[in-house]
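Data first, discussion second: the structure below is written as structure tokens.
Letters A, B, ... mirror the listed sequences (proteins, then strands); counts begin at 1. Atoms considered below: every heavy atom in the structure, side chains included; atoms not considered: hydrogens, waters and symmetry mates.
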Number of protein chains: 2
Amino acid sequence: MTKYESICLEIRKRIIERKYPIDQPIPDEISLAKEFNCSRMTMKRALDILVSEGLLYRKRGHGTFIVQSAIQNNKVNVVTNEAMGLTNLLKDKNVKSKIIKFEVQFPSEDICAHLAIDSKTPVYYIIRLRIVDGEPYVLEKTYMPVTIIPGINDEILNGSIYDYIMNKLVLTIAGSHRIIRACKPDDLDYEHLACELNDPILEVEHIGFLNNGIPFEYSFSRHRYDKFEVTTINMNR
Amino acid sequence: MTKYESICLEIRKRIIERKYPIDQPIPDEISLAKEFNCSRMTMKRALDILVSEGLLYRKRGHGTFIVQSAIQNNKVNVVTNEAMGLTNLLKDKNVKSKIIKFEVQFPSEDICAHLAIDSKTPVYYIIRLRIVDGEPYVLEKTYMPVTIIPGINDEILNGSIYDYIMNKLVLTIAGSHRIIRACKPDDLDYEHLACELNDPILEVEHIGFLNNGIPFEYSFSRHRYDKFEVTTINMNR
DNA sequence: CAGTGGTCTAGACCACCAG
DNA sequence: TGGTGGTCTAGACCACTGT
């Protein structure tokens with residue numbers, strides 16, 4: 001935990017707990033730096049993070065202000081790190097996995113293109129049903145190159161693939177690309193997600209990248225329409 | 001133009017023009033700082049931007065490397081600006097608007113909370129059907145505070161609200177918050193989007209912010225499931 | 001061990017804005 | 001003019017890596 005991270009945590013806490021008047025600027029950078037016993041640069045870096053999360057905004061010559069709408073709808077935790085996997089995102093819930101399919105195959109042309117590999121690089125083909133508090137939640141179809149993410153087994157699939165990648169393989173997940181769409185359910189959805197005939201499905205197509213820019217995962221997550229929504233924040237530079 | 005911006009431009013140019021070997025680390029921060037006659041902190045800041053764009057990645061103890069896939073597929077300009085509005089996003093298409101409703105009202109409690117206003121601040125209530133190349137595309141229900149975005153009229157609604165905000169009111173749109181979900185169609189969708197009975201709808205709930213952190217728009221866009229998908233890019237810090 | 005990036009400092013000067 | 005945030009510096013120490 002770096003100094004700027006812990007300062008950032010504390011300031012975020014204060015804002016959420018209304019320790020600072022919502023219609024006033026928060027204390028200036030120099031005062032805060034003194035209070036936290038750090039340099040102004042470090043203070044600025046901590047505040048930069050909160051600005052990038054949409055919690056604060058600055059006015060040169062005026063001060064730093066709270067974005068009121070950000071804390072009025074309990075939407076504060078929207079800015080979670082997305083690269084965590086379901087097991088970590090819902091860690092206060094009981095998340096289980098049912099392995100529907102777990103195979104190795106040569107990838108199709110489409111898979112090759114998305115994973116930036118050739119057709120002779122084997123990939124895992126995994127279908128998992130994720131169950132949250134006993135209810136079917138999402139059906140995940142995942143392709144991962146065996147060369148990049150080796151050693152997948154049933155035990156890992158029953159827990160968190162992301163934990164395995166980050167902690168056992170010690171790889172860094174740098175980012176992701178998502179395409180979100182609505183579609184009609186197919187037979188697999190009916191079978192595992194307990195859909196009614198006309199329930200829509202929220203499908204998230206996902207490409208995950210490591211910090212060397214190499215894609216390691218191409219997946220389709222099919223969600224029950226009444227159990228999931230995607231939240232995004234876009235701030236211009 | 002700040003120093004770190006101009007350095008950033010120059011390094012980006014060198015990478016794209018293959019001035020640095022693609023399979024080698026680029027020069028270390030101290031050498032680059034000397035070359036550009038700046039401090040190491042400033043150099044780091046310039047490189048940080050390129051890392052956040054996915055053009056470079058760093059390995060502690062090793063050096064700074066070029067993300068090969070970033071410059072191999074002309075993907076350099078992926079970081080497009082989303083805050084443009086439909087009229088600009090699809091400017092090579094024929095986008096028309098049909099005004100279904102255009103009223104002024106006092107906002108409900110929910111609208112107040114999302115726009116950070118009180119219940120006596122009037123808002124526009126606008127429903128528009130956007131038609132692309134003659135086909136119904138999206139049904140937009142929009143709330144905007146009259147005080148922040150004054151002077152809306154039919155002419156503006158038939159064109160681009162975003163153009164009006166940016167060019168006539170000269171306000172800067174800083175960011176947005178989106179919630180994306182799948183849902184079943186309602187009567188308004190059947191009537192205007194030419195939905196079949198069981199066609200899902202992709203709904204995007206949207207809050208737009210100005211650069212002072214004030215929300216100026218709260219909207220629900222209901223899309224035909226076969227005509228629209230949302231694309232997002234997420235890069236970790 | 002030497003070399004890399006990551007963090008942090010104490011202080012400087014500038015740009016912007018209100019009274 | 002005073003106070004704010006924005007940029008930049010020169011240097012320090014730390015964490016991590018391969019030799």
Side-chain angles (χ1 to χ4, degrees), chain A residues 1-11 15 20-21 23-52 54-67 166-167 169-172 174 210-213 235-237, chain B residues 1-11 15 20-21 23-52 54-67 170 172 174 210-213 235-237:
Chain A
M1 171 74 73
T2 60
K3 199 161 185 172
Y4 69 85
E5 281 174 322
S6 60
I7 294 172
C8 180
L9 276 176
E10 170 61 21
I11 304 269
I15 294 170
Y20 293 127
D23 50 353
Q24 298 271 323
I26 67 170
D28 65 272
E29 296 178 345
I30 295 173
S31 312
L32 285 171
K34 269 183 197 152
E35 183 200 334
F36 284 97
N37 195 27
C38 69
S39 71
R40 190 177 153 223
M41 286 293 282
T42 301
M43 196 65 233
K44 183 183 290 297
R45 186 163 182 184
L47 296 179
D48 276 344
I49 294 172
L50 298 175
V51 169
S52 79
L55 211 59
L56 293 176
Y57 66 98
R58 292 186 172 107
K59 272 190 194 172
R60 194 183 241 185
H62 287 262
T64 303
F65 300 80
I66 297 171
V67 174
M166 291 189 290
N167 301 325
L169 297 181
V170 198
L171 298 173
T172 302
L210 299 177
N211 66 345
N212 53 10
M235 299 294 286
N236 302 335
R237 268 191 300 263
Chain B
M1 171 74 75
T2 60
K3 199 161 183 171
Y4 68 85
E5 282 175 320
S6 61
I7 294 172
C8 181
L9 276 177
E10 170 61 21
I11 305 271
I15 293 168
Y20 293 127
D23 50 353
Q24 299 269 324
I26 68 170
D28 66 274
E29 296 179 344
I30 295 173
S31 312
L32 285 171
K34 270 184 195 151
E35 183 200 335
F36 284 96
N37 195 28
C38 68
S39 72
R40 190 176 152 223
M41 286 292 282
T42 302
M43 197 64 233
K44 183 183 289 298
R45 186 161 183 186
L47 295 179
D48 276 343
I49 294 172
L50 298 175
V51 169
S52 79
L55 212 58
L56 293 176
Y57 66 98
R58 297 198 240 248
K59 273 192 194 170
R60 204 175 187 143
H62 286 265
T64 302
F65 300 81
I66 297 170
V67 173
V170 198
T172 303
L210 300 177
N211 64 347
N212 54 7
M235 299 295 284
N236 301 335
R237 271 185 299 265

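- Within the nucleic acid shown, Asp48(B) has no heavy atom closer than 4.0 Å to any nucleic acid atom.
- In this structure, Arg58(A) reaches the dG6(D) phosphate: one of its side-chain N or O atoms is under 4.0 Å from OP1 or OP2.
- For Arg58(B), the side-chain contact (heavy atoms from CB on, under 4.5 Å) test picks out Glu29(B), Lys44(B), Leu47(B), Asp48(B), Val51(B), Thr64(B), with sequence neighbours left out.
- For the pair Phe65(B) CZ and dG18(D) C1', the interatomic distance rounds to 12 Å; values are reported in whole Å.
- At the phosphate of dG11(C), neither OP1 nor OP2 sits under 4.0 Å from any side-chain N or O atom of Arg40(A).
- Between the CZ atom of Arg45(B) and the C1' atom of dA10(D) there is a distance of 17 Å, given to the nearest Å.
- Put simply, Thr64(B) has a side-chain N or O that comes within less than 4.0 Å of OP1 or OP2 on dG5(C).
- With rounding to whole Å, Asp28(B) atom CG is found 16 Å from dC16(D) atom C1'.
- Phosphate proximity of dT7(D) to Thr42(B): absent, as no side-chain N or O sits under 4.0 Å from OP1 or OP2.
- Whole-Å rounding puts the Arg60(A) CZ to dC14(C) P distance at 13 Å.
- Computed from coordinates, the Glu29(B) CD to dA2(C) C1' distance equals 17 Å when rounded to whole Å.
- Rounded to a whole Å, the CG atom of Leu47(B) is 13 Å from the C1' atom of dT4(C).
- One can place NZ of Lys44(B) at 14 Å from C1' of dA12(D), the figure rounded to the nearest angstrom.
- Ranking dC8(C), dT9(D), dT7(D) by closeness to the Lys3(B) side chain, first place goes to dT9(D).
- Put simply, NZ on Lys34(A) is 11 Å from P on dG11(C), counting in whole angstrom units.
- Taking the nucleotide of DNA chain D with the nearest heavy atom to each of Met43(B) and His62(A), the more 5' of the two is matched to His62(A).
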